[in-house]
Amino acid sequence: MSKIKTLDDLNQAGKRGLAALIPSRIKIMVGMATSGIASGAQEVYNALEAEIKERNLDIILSRTASMGMDCMEPLVDVLLPGKPRLAYSKMTAKKAPALLDQVAKGTIEAIKPFYRMDEEEFIVLGGAKRYFKGAAPAYLRGIPTIQEIPFYKKQVKIATRNCGLIDPESLDEYIAKGGYFSLYKALTGMKPEAIVADVIASGLRGRGGGGFRTGLKWKSCRDAEGEIKYVICNGDEGDPGAYMDRSVMEGDPHSVIEGMIIGAFAIGSHEGYIYVRNEYPLAVKNLAFAIAKARKCGLLGKNIFETGFDFDIKISKGAGAFVCGESTALMASLEGAAGEPRAKYIHTVEHGLWDRPSNLNNVETWANVPAILTRGGKWFAGIGAKNSTGTKVFSLVGKINNIGLVEVPMGTPLKDIVYEIGGGIPGGRKFKAVQTGGPSGGCIPEKLIDLPVDFDELRKAGSMMGSGGMIIMDDRTCMVDIAHYFIEFLESESCGKCVPCREGIRRMKDILEEICAGKGQAGDIELLQEMSKAIIDGSLCALGGSAPNPVLSTIQYFRDEYEAHISEKRCPAAVCKALIAYSIDKKKCTGCGVCRKKCPVKCITGEKKKPHVIDRKKCIKCGACYESCKFDAVTVK
Amino acid sequence: MAKFIIDGKKIEAENGATVLDAARENGIEIPTLCTHDEVGSAGACRLCVVEVKQGNRAKIVASCLYPAEDGIAVDTKSERVMAVRRLVLQLLLARCPGSGLIQDLAEQMGVKPEPRFTADTDKGKCILCRLCVRTCEQVVGVSAIGFSFRGADKTVGTPFHENSQVCIGCGACAYICPTGHIEMETTKTGDSRTIWGRTFKMATCKVCGRYFAPEDQLKYISRTAGVPLENLAVCISCR
């Protein structure tokens with residue numbers, strides 16, 4: 001690979017990349033992010049590869065990452081020259097020969113595509129490229145376009161612009177999508193102050209949780225005294241159910257790298273670190289590959305674009321502690337010490353890593369930077385809400401039909417995310433609440449479903465943006481149980497340095513455990529609230545400082561459920577095992593015997609075609625009978 | 001000099017001083033558990049929290065680390081402050097029910113144990129103030145002890161709780177421990193002492209003949225200070 005030193009070199013690489021993105025031969029792309037691989041994408045890839053080889057087909061087989069709709073993985077995209085791009089969902093190795101048959105024939109008879117793409121957006125450059133001329137071929141008109149799929153309709157992709165569209169290992173493809181042109185512009189045509197000013201103008205706020213204004217952070221770090229400064233990328237995403245950063249690192253590692261180089265130039269830094277958890281092996285691999293390639297091409301290292309600017313990046317692998325997502329704990333871990341936070345009365349932009357000025361931003365924040373630089377801060381500020389500009393990536397998980405990663409403009413109503421993009425609740429059940437902001441965020445109830453999702457609105461509702469995890473809950477979720485779940489997670493992730501967090505969270509967990517076990521006492525709710533306030537006030541870092549949020553927000557919106565557990569010893573959602581009992585409705589039971597066979601402890605008896613009974617003494621309340629009964633004869637109270 | 005207010009009193013503090021330093025200098029008592037002149041502050045116990053007001057904003061900070069700044073108004077006994085201190089003491093009472101130090105502090109501040117917290121039986125008297133670990137690192141310079149695990153499972157000890165090869169048996173950790181959690185046993189004759197599971201042979205004073213320091217400690221001092229071992233063979237009383 002030749003060096004990229006000039007604008008001409010960039011243009012050449014872009015041309016090569018475009019020829020690889022939209023080639024003049026047939027191309028098949030397999031979505032091989034973690035979500036794809038978990039659903040069998042590797043087997044699909046292997047099968048396609050073997051079959052192509054055996055049939056000696058002139059087909060380019062390539063890897064890409066995830067477009068976000070994880071529930072439809074493995075996703076395979078087929079691009080025939082001069083035809084719309086077709087996406088096949090839930091592919092299997094078995095279907096590989098049939099897919100190749102219809103690709104060769106140019107039909108869609110055997111396997112129906114999930115959607116088609118007529119054009120590909122180039123958000124950094126602005127505009128889109130059509131895959132074909134004129135109207136879509138008649139045989140494809142019945143296939144919905146990606147814009148017609150509700151999951152994608154309201155999405156605007158900036159941070160995840162290239163995920164699922166490019167091969168994450170291809171630098172050329174990244175450049176074809178406008179990559180590294182922003183860096184070229186910054187290094188050759190902009191003063192560092194102007195870059196900082198543009199990022200301030202964009203209104204970009206930190207995507208990792210705090211929502212601090214990125215441009216202002218850069219400015220403080222730039223203004224801080226010290227010859228050696230560091231830029232750091234926080235890839236220690238640790239919230240249960242959140243994987244926004246993982247997807248970006250896996251799918252578009254160069255966007256993070258380019259953002260960091262621009263930031264380093266603006267701040268006056270020559271050394272960068274990406275802190276990524278080792279539980280993200282593919283992210284580590286793709287980042288390492290991208291860094292090595294960028295270095296080989298001269299985009300990292302000495303004299304980038306022959307401007308005299310030097311910058312390089314090292315990867316530091318974390319051991320998966322949630323608290324290491326906190327900036328000072330992360331820096332302690334980078335230094336080789338235990339991941340414990342310190343007080344931030346003196347900011348890390350002045351005294352951070354090895355006591356030097358350090359600018360830390362999250363993966364998604366960095367990935368936004370190149371787009372802002374080329375399109376301009378004003379453009380970015382025009383997207384989203386007033387004080388929360390741009391877009392935000394969310395992971396939609398839990399009781400929701402379309403599980404996946406979505407990127408929407410800030411200020412998008414929660415309702416649109418849950419019902420339109422997310423496709424509502426499985427089984428037609430009722431939406432109850434959504435936990436935003438990760439384990440230390442809060443539960444937002446159904447009555448606030450119209451809430452526009454941005455930093456300030458979420459805070460007002462008693463939750464927070466956090467890094468963007470959204471856990472959807474239906475009416476079969478017990479809110480006390482949920483509060484207990486999050487508190488238990490935080491208890492195990494507390495670093496143990498300060499007393500309120502280390503000792504307080506576990507005492508809160510004990511009380512919640514007792515409430516769930518029917519041993520709650522009068523005054524527990526008030527005690528939990530009182531403890532919450534003192535833990536929030538007294539904790540050393542944001543982990544303890546936000547840990548009680550799930551308890552406070554569930555008490556705020558679902559106090560009646562707490563009261564039912566405590567005073568009536570009843571779990572309204574029928575979840576807490578100590579407070580529920582299963583029984584079989586004699587009138588509804590057909591005696592089919594399914595529940596009897598499903599019961600793991602054999603506590604259901606009954607003759608064929610006659611009503612069955614549950615022996616409550618033996619019942620472990622696993623709910624297998626309830627789930628398996630087709631006649632709604634099993635009841636739980 | 002930073003000019004600011006503590007509990008309504010106008011005071012001045014040296015640049016770089018903490019709120020705790022300034023308060024103490026002016027006779028205002030703030031309770032602490034994890035700060036010490038020799039090893040500085042860790043900000044871990046949170047007993048020293050105070051409320052700092054600046055304009056319309058008020059926040060709870062650890063006074064042992066918060067720098068004294070011009071124009072701030074510090075309240076060392078506000079409702080919010082007392083709520084944090086009360087909880088910290090109740091939590092420590094439950095963690096270390098056998099600690100006289102915590103009981104006394106709680107009594108002084110009128111804090112009663114919270115009946116909903118079940119007393120721990122496995123934590124001894126360790127409140128994880130980190131004084132021992134910092135002393136071993138910063139004062140002694142050997143880092144023989146540190147932390148294992150995290151959260152409520154966090155414990156102080158030697159790596160893997162095995163006999164430490166770098167421990168010199170000086171006992172500084174036991175000396176600084178405010179609750180008496182760290183045990184150091186000396187034989188009746190005084191010829192050896194045991195700490196962190198390892199037994200250290202004691203050296204005798206060349207003059208009075210009494211056992212006065214672990215041999216390993218004398219060797220360590222000799223090595224690090226460049227003093228011949230024989231110069232260290234006399235105890236402090238006989239020097």
Side-chain angles (χ1 to χ4, degrees), chain A residues 319 321-324 328-329 337-346 488-511 513-515 519-524 526-541 543-545 547, chain B residues 16 18-19 33-34 41-49 51-52 58-67 69 78-96 102 114-118 120 123 127-130 133 146-156:
Chain A
F322 179 67
V323 73
C324 284
T328 57
E340 287 181 343
R342 63 159 178 80
K344 284 202 271 194
Y345 306 138
I346 296 160
E488 190 176 36
F489 172 82
L490 292 161
E491 180 214 13
S492 68
E493 293 294 341
S494 164
C495 81
K497 184 173 179 179
C498 77
V499 176
C501 176
R502 179 187 70 229
E503 307 290 338
I505 295 176
R506 73 173 166 121
R507 298 298 178 180
M508 284 181 75
K509 187 207 74 174
D510 290 348
I511 295 169
E513 214 160 77
E514 294 212 335
I515 296 176
K519 294 175 192 160
Q521 297 177 9
D524 276 355
E526 292 71 22
L527 177 61
L528 284 171
Q529 285 175 315
E530 208 177 290
M531 288 177 73
S532 296
K533 264 188 227 156
I535 292 169
I536 289 170
D537 269 348
S539 290
L540 169 63
C541 82
L543 194 156
Chain B
T18 64
V19 167
L33 282 169
C34 69
S41 301
C45 77
R46 315 309 282 179
L47 203 58
C48 75
V49 290
E51 188 165 352
V52 167
K59 56 185 175 184
I60 300 290
V61 301
S63 65
C64 67
L65 292 167
Y66 198 84
E69 289 171 332
S78 75
E79 189 59 39
R80 275 173 80 186
V81 166
M82 296 317 281
V84 174
R85 286 191 197 151
R86 201 159 47 237
L87 179 68
V88 165
L89 284 173
Q90 285 178 330
L91 292 169
L92 290 177
L93 279 172
R95 177 188 168 92
C96 306
I102 301 299
E114 167 53 55
R116 288 296 270 141
F117 301 165
T118 316
D120 288 331
K123 311 279 191 240
I127 56 170
L128 289 170
C129 68
R130 314 161 85 87
V133 173
F147 299 104
S148 310
F149 307 107
R150 65 172 179 233
D153 298 329
K154 206 173 192 109
T155 54
V156 171

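Counting heavy-atom pairs closer than 4.5 Å to chain B, the top-ranked of the candidates A:Leu527, A:Leu490, A:Val323, A:Asp510 is A:Leu527. Chain B forms more heavy-atom pairs under 4.5 Å with one residue of A:Ile505, A:Asp524, A:Ile346 than with any other, namely A:Asp524. The candidate from B:Val49, B:Leu128, B:Leu65 with the greatest count of non-hydrogen atom pairs under 4.5 Å with chain A is B:Leu128.
When heavy atoms are compared at a cutoff of 4.5 Å, A:Gln521 approaches chain B by way of both its backbone and its side chain. B:Val81 does not touch chain A: none of its heavy atoms, backbone or side chain, sits under 4.5 Å away. Only the backbone of B:Ile127 comes within less than 4.5 Å of a heavy atom of chain A; no side-chain atom from C-beta onward does. Both the backbone and the side chain of A:Ile535 have a heavy atom closer than 4.5 Å to some heavy atom of chain B. In this structure, chain B has a heavy atom under 4.5 Å from the backbone of A:Lys519, while its side chain stays farther away. Both the backbone and the side chain of A:Glu493 have a heavy atom closer than 4.5 Å to some heavy atom of chain B. If you measure heavy-atom distances from B:Glu51 to chain A, you find no contacts under 4.5 Å at all.
In terms of modelled atom types and a separation under 3.5 Å, the side chain of A:Ser539 and the main chain of A:Pro500 share no donor-acceptor contact. A:Ser494 contributes a side-chain N or O that, together with a main-chain N or O of A:Gly496, makes up a donor-acceptor pair within less than 3.5 Å.
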Pair A:Glu503-B:Lys123, salt bridge (charged side-chain N to carboxylate O under 4.0 Å, His left out): steps then yes or no: CA-CA 12 Å; A:Glu503 307 290 338; B:Lys123 311 279 191 240; over 6 Å; no

Worked verdict on A:Asp537 versus B:Arg46 for salt bridge (charged side-chain N to carboxylate O under 4.0 Å, His left out): CA-CA 10 Å; A:Asp537 269 348; B:Arg46 315 309 282 179; over 6 Å; no

Chi angles and distances behind the side-chain contact (heavy atoms from CB on, under 4.5 Å) call for B:Cys34, B:Arg130: CA-CA 7 Å; B:Cys34 69; B:Arg130 314 161 85 87; 5.9 Å; no

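When all heavy atoms of A:Cys495 and A:Gly339 are compared, the pair lying nearest together is CB-O, 4.0 Å.
Other residues, nucleotides and ligands contribute over 12 non-hydrogen atoms within 6.0 Å of the CD atom of A:Glu526.
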